[in-house]
Amino acid sequence: MELTFVDLSFSPSLQLVSMVREFVGRFYSQLNAGEEVVDRVSLATHELLENAVKYSLDGLTRVRIEYWPVTLGGHIVLRTWNRPRPEDLTILQERMAELERATDPSSYYQQLLERASKRQDGSGLGLGRVWAEAEMTVRYALDEAQVCITAEARIRS
Amino acid sequence: MSEWSVTADGSGVEIWLEPRLEIVSSIRAFLGEFVRGIVGDPEAAGRMEIAAQELVENAIKGSSEGKVWVELSLKPLDRTVEASIRTTNLASRWNIACLRHAVDEVAETAFSPQDMYVAMMKRSVGKREGSGLGIGRIRAEADMKVRYDVDGDWVTVSAATTFQKEGEK
């Protein structure tokens, strides 16, 4: 198998997020990408898309999932693009700065879980979960009012 | 960072995949659900599913090597939605010729799309490849116009239609 990708542009609802997650999992399962790839891609797709739905100024989102095999494994890259509200952009930047300072994904995720139990607003768990459970590096880039979140992992077979 | 491509123009799906027949039903079902989720019209979703099934299956069967590219586009206008689905793949000269024949026949027929499709079904009995039935079904059952473009060994087949927006019917 060489490079495959799924690329969607739409105004996602939470229902569509679940539907996309299921399709992405089936898609890579049927392409025999391996159970590990399927699980990690499905989880990261769900979390990043859910964030894009929740923290969107205009409801428009693009998500792209790429997978290609490399020697002794494979490479996954997930990207989402959207335009967050200014207050959500500030929160994102704070959380990304926090994530970048953290040294251990599991400990960081545990901290987020404890904090989330006391919060009334967004839990902030999604990016931490992508890092800790999907085991993907997470970064973001800003282009004027548009944010691109990238989650990436090398799978070793 | 890749170029931003989401605008207020509408919604879209692109899939770049290996040509495996076992994946056709998953893609068909997903595109149908996607259309249903965006447009909110089960009948429109059903028509797009028929087109997706036939075009993706044809592209995978007709692919001479490498990949198949599937694109779905939904563009809202004032009271309608312009919908299209397109596949692109490398194809042999024989497959391209069969495709040209099927699309041209459906486009140029003096019969109704339904009568044309019935005639194609009768003619295809016993035929294993190149029956053109998928194209006929898209026209007759999905009520979508089909066209093709050939660029060297690459062939693109598209089916397009316009839906009324919910609330405008």
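Lettering follows sequence order; numbering is per chain, from 1. Treat the numbers as computed from the prediction; the structure is a model and nothing was measured.
- Put simply, CZ on A:R62 and CD on B:E14 are 7.0 Å apart, with the number rounded to the nearest 0.5 Å.
- Judged by distance alone, with hydrogens and angles left aside, the side-chain atoms of A:Q30 form a donor-acceptor pair with the main-chain N or O of B:E22 at under 3.5 Å.
- Separation of atoms OG (B:S11) and CG (A:L8) is listed at 9.5 Å; rounding is to 0.5 Å.
- No path of Ile, Leu, Val, Met, Phe, Trp and Tyr side chains, each step under 4.5 Å between heavy atoms, connects A:L57 with A:V53, placing them in separate hydrophobic clusters.
- Distance check: B:W16 CH2 to A:E66 CD gives 12.5 Å after rounding to the nearest 0.5 Å.
- A:L43 and A:M136 fall into different hydrophobic clusters, defined by Ile, Leu, Val, Met, Phe, Trp and Tyr side-chain heavy atoms under 4.5 Å apart, directly or through other members.
- Within the 4.5 angstrom heavy-atom criterion, no atom of A:V63 approaches chain B.
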Where do A:F23 and B:I15 land on the side-chain contact (heavy atoms from CB on, under 4.5 Å) test, with the steps shown first?
CA-CA 12 Å; A:F23 169 69; B:I15 304 172; 3.8 Å; yes

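- Taken to the nearest 0.5 Å, the CE atom of A:M19 stands 9.0 Å off from the CZ atom of B:R36.
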From CA spacing to verdict: side-chain contact (heavy atoms from CB on, under 4.5 Å), B:L17, A:F27
CA-CA 9 Å; B:L17 67 146; A:F27 180 74; 3.8 Å; yes

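- Contact annotation for B:L72: neither backbone nor side-chain heavy atoms come within less than 4.5 Å of a heavy atom of chain A.
- When every heavy atom of B:R20 is checked against every heavy atom of A:N32, the shortest pair comes out as NH1-ND2, 2.7 Å.
- Taking a 6.0 Å sphere around CD of A:E35, one finds it holds 12 or fewer heavy atoms contributed by other residues, nucleotides or ligands.
- Both B:L99 and B:L21 are assigned to one and the same hydrophobic cluster, defined by single-linkage of ILVMFWY side chains at heavy-atom distances under 4.5 Å.
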